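This report concerns only the one structure given below.
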Amino acid sequence: MKITLHSPLDMHLHLRDKEMLKVVAPLSSKSFAGAIIMPNLVPPITTIEQVKNYREEIYASTKEDNFIPYMTLFFKDSYDYDFLKEVKGFITAIKLYPAGITTNSEGGVSGLDSKDLAMTLEAMSELGIPLLVHGESNGFVMDREREFVTVYERLATDFPKLKIVMEHITTKDSAELLDRYPNLYATITLHHLLITLDDVVGGLLKPHLFCKPIAKRYEDREALLELALNAHPKVMFGSDSAPHPRSKKESCGCAAGVFTAPIALPALAELFDKYSKLDNLQPFVSDNAQSIYGITPPKKEVVLAKESFKVPSSYGEVVPMFAGEELSWKIEEVR
Ligand code: NCD
Ligand code: ZN
């Protein structure tokens, strides 16, 4: 059995920079037609100059592949209309992190009162720049996303023209928001469709499955599967593939992030096949994102075949999800 995906997109991707970027960027650009590139470098991407340099760095490692890096800025409440108007041509969205909530987010927003954010969010609304949100409070780890629901509701109500993407949703509560607010959208990762907290800490600790937001309960995973497998039109695939060197994962103080870029499409095909939903993979991995963002990615056909694929134990210093295991689908050809 085979399927062909047209211009798959990864709407939430960490490529890092320098040597790490050289290893991981080609693993995405080979099989994806484009990706939303996260700005949480050290220091974070906050200026036009940084956006341009980072884009050049990505192109240098992916130029053979007909791949568009859709660039983002790291949200600051000091961005005004004039700055945003100037930067708009170079970016696709702006990513908001609550301060200190995840990897390299120290410079994020400390109060989430929409009055403090109003100048920037109003300008983004007017200019049609989507807001991407890491939606976690600083409460108890299993409650962080649920506690953020009121923030999403307030943002969606106060800025009705702003497109707001709830990034990497992991709970039933977030899933339920989608049909209640016309301007709320969501990305879902591969790993949150596959695992629960049990897989991370229920047996021996699995550092390579540790990420933010942490995987939740079975009923949460069910709600995410329901959205993804039925290709809910407000939902997009965003891998949140977040590479860290093995030494930072298999260590005391494990960094958060699951590396899935090179296995994402075969693993998604396996999942959608298992539920007899392969027809919905195309909207989930590309069409929905094209309509939501109003983008037209380069043409790329990815042929996936139902044949065994042994996942490498590492890519450079990075260990992928399913390292050393067999998947039942593989990428046969990209054209
Ligand atoms: C991401 C990273 O490593 O940059 N980590 C993660 O666990 N997902 C940051 C993020 O998206 O939260
Ligand atoms: Zn991320």
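Everything quoted here is computed from the prediction, not taken from an experiment. Just so you know, ligand 1 is whichever comes first in the structure, and atom 1 is the first atom listed for that ligand.
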The atom of H14 among N, O or S that is nearest the Zn ion (ligand 2) is NE2
for atom 7 (O) of ligand 1, nearest protein heavy atom and its distance come out as K212 N, 2.8 Å
Under a 3.5 Å threshold, yes or no: a donor from one side chain and an acceptor from the other, between E250 and H208? yes
heavy-atom search around atom 10 (C) of ligand 1 in the protein gives T102 OG1, 3.4 Å
TODO: Return the orientation label for the F237 and F32 ring planes: parallel under 30°, perpendicular over 60°, tilted otherwise.
DONE: parallel
min-distance N/O/S atom, D240 vs the Zn ion (ligand 2), resolves to OD1
Exercise for the section: Could you tell me whether N138 atom CG has more than 12 heavy atoms of other residues or ligands within 6.0 Å of it? Expected result: no
Rounding to 0.5 Å, atoms CZ (R217) and NZ (K172) come to a distance of 12.0 Å
Any heavy atom of H244 closer to ligand 1 than 4.0 angstrom?
yes
If you scan protein heavy atoms around atom 8 (N) of ligand 1, the nearest is D240 OD2, 2.7 Å
Would a 4.5 Å heavy-atom cut-off, applied to side chains only, mark V303 and R335 as touching? yes
Next item on the list: Would you indicate whether the side-chain heavy atoms of H14 and R16 approach each other to under 4.5 Å?
Entry: yes
Within 4.0 Å of some non-hydrogen atom of N40, the atoms of ligand 1 are 2 (C), 4 (O), 9 (C)
TODO: Answer yes or no for H12: is there an N/O/S atom below the 2.8 Å cut-off from the Zn ion (ligand 2)?
DONE: yes
Pair up each side-chain donor or acceptor in residues 83-95 with any protein partner under 3.5 Å, not counting sequence neighbours, and list the distances.
residue	atom	partner	partner atom	Å
K88	NZ	L127	O	2.8
K95	NZ	Y97	OH	3.1

If we number the atoms of ligand 1 from 1 as shown, the ones under 4.0 Å from a heavy atom of A242 are 1 (C), 2 (C), 3 (O), 5 (N)
Counting heavy atoms under 4.0 Å, the part of E167 that contacts ligand 1 is neither
min-distance protein heavy atom vs atom 3 (O) of ligand 1 -> R16 NH2, 2.7 Å
Q) Are any of the side-chain heavy atoms of I129 and Y79 separated by less than 4.5 Å? A) no
Under 4.0 Å from one or more heavy atoms of C211, ligand 1 contributes atoms 7 (O)
_Pairs of nitrogen or oxygen atoms closer than 3.5 Å, one from G257 and one from ligand 1: do any exist?_
yes
Pairs of nitrogen or oxygen atoms closer than 3.5 Å, one from A256 and one from ligand 1: do any exist? yes
Nitrogen or oxygen atoms of Y97 and ligand 1 under 3.5 Å apart: no
Under 4.0 Å from one or more heavy atoms of H134, ligand 1 contributes atoms 12 (O)
Do other residues, nucleotides or ligands put more than 12 heavy atoms under 6.0 Å from R55 CZ? yes
Going by the 4.0 angstrom heavy-atom rule, the piece of H12 near ligand 1 is side chain
Atoms of ligand 1 under 4.0 Å from any heavy atom of H14, numbered from 1 in the order shown, are 1 (C), 2 (C), 4 (O), 9 (C), 10 (C), 11 (O)
Item checked: Side chain proximity check, M321 to I195, heavy atoms < 4.5 angstrom -> yes
When you measure from the centre of the six-membered ring of Y185, is the NZ or CZ of K234 closer than 6.0 Å and no more than 45° off the axis?
yes
